[in-house]
Every structure is written in C-alpha cells, then in structure tokens.
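Notes follow the structure.
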Amino acid sequence: MLDEIKEMYQEMGIRKSVLDFGQDALSGLKERFEKIDEIAEYNQLKVIHAMQKNRVNESCFKFASGYGYSDYGRDTLEKVYADVFHTESALVRPQITCGTHALSLALSANLRPGDELLSPVGKPYDTLEEVIGIRPSCGSLAEYGITYSQVELFPDGSFDYENIRKAINDRTKIVTIQRSKGYQTRPSFSVKQIGELISFVKGIKPDVICMVDNCYGEFVETIEPSDVGADMVVGSLIKNPGGGLAPIGGYIAGREDLIDACGYRLTSPGLGKEVGASLGVMQTFFQGLFLAPTVTAGALKGAIFAANIYERLGFGVIPNGSESRHDIIQAVEFGVPEGVIAFCKGIQAAAPVDSYVTPEPWAMPGYDSDVIMAAGAFVQGSSIELSADGPIKPPYAVYFQGGLTWQHAKLGILMSLEYLVREGIVTL
Ligand SMILES: *Cc1c(COP(=O)(O)O)cnc(C)c1O
C-alpha cells in the first residue's frame, strides 16, 4: 500500500492497528474480488448491449411534461430494462415511489377479489405485511377480498415442497418469492434456487404468476430471476439498479400482459403506460443503470470485506466470510447494544455527507424496539449508498449494505472497527 494512502487513513482517524488488521483480512480476498469483477464485466456488457440495441441517444435525456405522451426517454428506458431482464416488457417510472410501492403495484394490478397470494418462502419484507394485510392496514389487499397464505421455510432455509404443494389451490393467482433475506436471518436465495422453486410451482399450476421481489439482488449474479421463469421481477431504483444516481423510482419487468396491467393500475384504466411525464430524471435512470453493475460489485466487495473482518474477531456474521453471495446485505451480530451503536457511528463518520452528525437509537414508527441508523447519503434513504441499521434488541445485530465505490465501503468498514476499538468493545 502506498505511504500516501496510509497517511491519509491515519489523518482521517483510522489507527495503524485497524488498518493493518484490514489489510491482513484483504490479502485473502483477491480471488473472490476477481470473480466479482468478472460478474460486473458481464453485467456491464449486458447493460451496454441493451442500450445499443435500443439506440439510446441524446434525445432520451429530454422529457415531456404534462400528460407525458410520447416521452421518448421513458419509453426507451423501459425497452432497455426489458432487454436487460430478458422480459417482454417493463415499467420503470419516477412515479413508482419506492420498492414497496413497486411490489404493491405489481400485486394489486394483477390480483382480483377472491384470488389468493402465496408466499412459499416464509414471511415477506416488513413493509409488505401492510400491503398484503397480514397486519391490518388501510387499503391492503385483504380489504379488497384477496387472501394470503404462507409456507415457512425449513430451519436450514430450504423450501418445504410438500407444504407448498398443499398450499396451492384453485384460487392461487400469484406466488411471491423474495430473493434477499432482507432483515431476517434466513439465507438469501440464488437465482438457480429461485428457478427450481418456480419450476416446482408451475409443475403444479402452470398458469400461476410467479413474482420475485428482486430488491438488493440485481447484478449480483449473471442471471436474474426473469431468466429462470419469473413472470415479474420487481425492485427499487434507490437500490442496485439505480446505480446511486436515480433520485427516486421503481421497476417491474415481465410478461407484457402483466406489465400492461401494472401500467393501468399506476395511472388509470384506459391510460396505462401512455402517460406519466418523466420530468428530467431520465438521464439519471440511464446513467445509474449503466453504473449499476460496478456499483453493485463495490457494495459486494464491502460486504465480503466486513464479513471477513468481523468473523476474524469472533462475531457472528451472516453470510459468513466465505459463502457465495446472492444479495448485498451483510449482518454482524455484536451481542451487546454498544457494538451496534459503535458500528453505526463509524459508518456515519466515514460518509461523504453528514459525516459530522452522530446517529442515536430512537423509537422509529413501525418497529418494536429502538433502532439506530447510519446513512450519509446523497439520496435520502438510498441503501445502495453505504448505510447501516440495527434494532437495539438481541442478538444486537447490525445490517449494512451498499457503498457506491469499493473504496468508500472499505473506509466505512475500517471506521466501524476504529469506533469499536475506541469504545473498548474490540481489542486488536
Ligand atoms: C428494500 C426492500 C423492499 C422495500 O423497498 P423500499 O424501497 O424500502 O420501499 C422490499 N423488499 C426487500 C427484500 C427489500 O430489500
């Protein structure tokens, strides 16, 4: 390592022993990082290829106003997404406000009263509980007479095929599969595993719609769930596919009839995808997608680096330091609240924005314990940017993700360790 780099780390508050510990952990990761770069290379080509095929040009960055008829950039971007995900169609809009909205839209557009939604992979992401009506909520699917059933995973995270078979009935219309573990301790699924599950489900009921919540999973592998039979893949643009540049948005890519239904639900019956001005964000959507493969690779390297550091220090890490990766989330169990707090303070202190503020645990709405969150992001709530949060309850785990560059992720993780050392929670 260049002396200038060492000096700079020290000037920014990272002591030598922390830096040395980090470099030591890093020395064993060369081959894995090469593999990640290879996946990024493939995905970079995939994205550029799709942009070339659809003749992306300067006029794509201009935009319509008002109703947004013939918003050329918007329509071209949707073709690019459809080609990246190898689907017939896509809906990619700033009017889709977040990942939860995209998922809610995909479900409500394609379910009708009397239909049933099935999750064969246990409990969905927290915010989906209110969308579905697992927790009673105004406007939920349950209020519209759509029922829900769920099959738990086996304790090792594998699929309970026997009970999935039993749960599929003549009212089952959509099967929802969440790729990432989110903030649970189950493993995230590989695209291959998702493909096996979809084949099984379609073997029982061929016309069932398989939807995959793809949040945090995009570009982690060379294939996406839509390559293995998913009828719709859904995600947020302030996660992986926005590449850190998209300031808002969500996408749904999939079968044309299903995407058309999403368009009619997002805007209005009769109008559908034809309206919805893109109001100047298209350049960030295109450029963000262009950067997304390498941004995702940087975030993955950060996650693997952290897993290796904290595993060496004896903390529980999920996934562990050597497992294969299917999303960009890393969990570290500290066992004590002070560990979670020090970690988050370090991540915050390493941020390009708001580095001088100190995160504190607080009673956030929707959570059953205090939660601490660290984020110094250019885009509010963006979790493709380096961010961390942890509920202040056993096992005192912190979940972190993102990093627009590997170098920033590295700094953040070293700073988290620096804070743990400062607080006396770790001695090197
Ligand atoms: C982030 C996330 C969501 C919800 O996305 P928001 O943009 O926060 O609404 C849904 N599912 C999974 C797995 C996620 O990671």
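In listed order, ligands and their atoms are each counted from 1. The figures that follow rest on heavy atoms only: side chains count, while hydrogens, waters and symmetry mates do not.
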Electrostatic pair D260:R255 at N-O distance under 4.0 angstrom
no
Is it the case that K239 places NZ or CZ above or below the six-membered ring of Y125, under 6.0 angstrom from the centre and within 45 degrees of the axis?
yes
The protein residues that pass the under-4.0 Å heavy-atom test against ligand 1 are C98, G99, T100, L103, Y125, Q178, D213, C215, Y216, S236, K239
With sequence neighbours excluded, residues passing salt bridge (charged side-chain N to carboxylate O under 4.0 Å, His left out) with D327
K181
Would you say the side chains of N169 and E116 form a donor-acceptor pair under 3.5 Å?
yes
In sequence, state the C-alpha distance, the side-chain angles, and the governing distance for F189 and L197, and then conclude on side chain to side chain contact (heavy atoms under 4.5 Å, CB included).
CA-CA 10 Å; F189 305 124; L197 179 56; 6.0 Å; no
I'd like to know if the side chain of S226 and the backbone of F85 have a donor-acceptor N/O pair within less than 3.5 Å.
yes
